[in-house]
Structures are given as C-alpha cells and as structure tokens.
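Structure record follows, encoded as structure tokens.
For this chain, numbers begin at 1 and follow the sequence in order.
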Amino acid sequence: MIRNSRTFNLVNDNPTARNYLALAYCILGKQIGQIIKHPSTHNICATFDLYDEKANVRVVQKKSAKAIDYGKIIIKDLETDLISEYENIEIVARELNSDIKAIKQAIRSKHVFRKRYRIASKNKPDLEVHKSKNNPVMITNIITGQKLIKKSSVEAAKHFLITPPQVSYLLKYNKIFKNEWKIERIAREDVCKFTG
C-alpha cells in the first residue's frame, strides 16, 4: 500500500476504506435523535470525495461563497440631488422597501434603481455616486501638455469623433487615446481651476 502522508490515515490514505465507510453510512444511516437518516449517494460521495456514477463526474463539495462586505451605502436621489449615507445594506433595503438581493444587484450593475436612485458602496471606489456621465472631462495631450475641458463624456466623444461607450472605456481603464490623449473625469468645482 502506498501512503500519501507521513502518518497513516485510514480515510485519506486508503480509497477502499473510504468506499466502505461511505457504503456503511448509506446502508446504516446516521441516528439523529430518534430518527435514522440515510444520506443520498450524491451527498455521501461529496463528503468522502468519491466518484458518483449517476452524475458520471467526480463530486467536489461546493465552497461557501465569500460574503461581500458592502459596508456603508450611499444613495443619491436623482430627482432631488439629495445624497444619503446608511450604515449597512439591510437599512437601505428597509428604507427603499425592497429586498437585499435587489439592492446588491443595483450596486453591482451600477444601474439607476427604480429610475430614481443611484446606489453605491463606500467600500468599492469604482462605485462612487458622484461619477456620472454629466461630470466634466479633462482631455490632456501627453506630448504637448495641452488641456481641454469638456462638459461631459458625450462632448469628449464628439471631439474625438468616437462613441460615448468608447470614452467610458478609456476613462474606466485609464487608457491613452491614439497614444497622445489622456481623458479623465474632474469635479465640477475643479473646472474653474483649469479654466481660470
């Protein structure tokens, strides 16, 4: 017998022992209280890391998905321009009379929730509420240093004769356009610094 570990472990080092142990659990079951429960072959194969003939695949137990910590949540009401901050996602779900799953989906997809609210997590810098298509854009020529300010990414797209999604791509991945132009969003307050 070939051993895979320094100390012999009957279950890990001997596949035949694993098979017999799994078979015993299936036949005898496990007593829980006064009831004897019999596991399914699929579950027992996953527990003992065995081959499941019905599924015709090697069964591997699913690891529990890592819970994403959204932390504090920011909501911007697009009708009133009011920005609110909440301690956690559960409070937001109660406030908007929705379920947590829908709120998480709105955060991940960055879509406007109920055609009125933009929801973002403070823990994720790429989900900041203030970054919208209506924010000014600064275009910089990295060769000459020339700077241009455009009112929005749509105007920047018209300047370069490309589509707005292409500008969004350049902004998102911090790419240089035609090896010459760098495009970046700026806050409305900073516009006068560059123009004045």
Side-chain angles (χ1 to χ4, degrees), residues 22 25-26 29-52 54-137 151-157 162-175 183-190:
Y25 269 105
C26 285
K30 184 169 172 108
Q31 187 168 357
I32 300 170
Q34 294 182 351
I35 301 168
I36 295 177
K37 296 222 173 192
H38 297 276
S40 69
T41 54
H42 183 76
N43 287 344
I44 206 74
C45 286
T47 304
F48 287 98
D49 191 27
L50 299 172
Y51 188 76
D52 185 359
K54 285 182 185 172
N56 211 11
V57 291
R58 191 166 180 83
V59 178
V60 180
Q61 272 184 323
K62 288 182 181 176
K63 292 182 180 175
S64 59
K66 239 184 182 179
I68 300 170
D69 179 27
Y70 288 95
K72 290 189 178 181
I73 306 294
I74 303 167
I75 297 179
K76 181 176 182 180
D77 188 335
L78 299 176
E79 289 181 4
T80 62
D81 275 348
L82 180 71
I83 296 175
S84 309
E85 188 175 304
Y86 296 90
E87 285 299 313
N88 57 41
I89 204 161
E90 288 84 11
I91 298 170
V92 173
R94 262 182 291 167
E95 186 73 27
L96 297 178
N97 198 16
S98 178
D99 61 334
I100 294 170
K101 192 175 178 182
I103 302 296
K104 287 180 180 179
Q105 179 63 32
I107 292 170
R108 280 194 306 268
S109 64
K110 303 176 192 174
H111 285 106
V112 178
F113 184 71
R114 292 185 181 158
K115 299 179 181 178
R116 181 173 177 177
Y117 303 103
R118 186 160 308 271
I119 306 171
S121 168
K122 263 194 147 177
N123 288 0
K124 305 210 173 287
D126 59 326
L127 296 177
E128 291 173 15
V129 172
H130 67 274
K131 289 187 177 178
S132 70
K133 289 181 181 174
N134 296 330
N135 276 6
V137 174
K151 289 181 183 175
S152 67
S153 58
V154 176
E155 266 195 33
I162 58 175
T163 62
Q166 289 173 306
V167 173
S168 297
Y169 173 81
L170 294 168
L171 287 164
K172 184 176 182 180
Y173 296 105
N174 203 17
K175 299 276 185 185
I183 305 171
E184 54 192 335
R185 291 197 196 282
I186 56 172
R188 291 186 188 283
E189 303 81 45
D190 296 338

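The OG atom of Ser153 lies 10.5 Å from the CG atom of Leu170; values are rounded to the nearest 0.5 Å. Separation of atoms CD1 (Ile162) and CD1 (Ile183) is listed at 5.5 Å; rounding is to 0.5 Å. One finds the CD1 atom of Ile107 at 10.0 Å from the CZ atom of Phe113 (value rounded to the nearest 0.5 Å). Going from atom CG of Leu82 over to atom NZ of Lys76 covers 10.5 Å, rounded to the nearest 0.5 Å. In this structure, the separation between CD1 on Ile103 and OH on Tyr86 is 10.0 Å, given to the nearest 0.5 Å. One distance of note links CD1 of Ile73 with CD of Glu87; it measures 10.5 Å at 0.5 Å rounding.
The two residues Ala157 and Pro164 come nearest to each other via the heavy atoms CB-N, 3.7 Å. Closest heavy-atom contact between Ile89 and Lys104: CD1-CG, 3.4 Å.
Using a 4.5 Å cut-off on side-chain heavy atoms (C-beta onward), Asp77 and Tyr117 make contact. Ile74 is not listed as a side-chain neighbour of Lys72, based on a closest heavy-atom distance of 4.5 Å or more. Contact annotation: the side chain of Val137 never approaches that of Val167 to less than 4.5 Å [non-hydrogen atoms, C-beta and beyond]. Counting heavy atoms from C-beta on, the side chains of Ser98 and Arg114 come closer than 4.5 Å.
At least one donor-acceptor pair closer than 3.5 Å links the side chain of Arg118 to the backbone N or O of Lys110.
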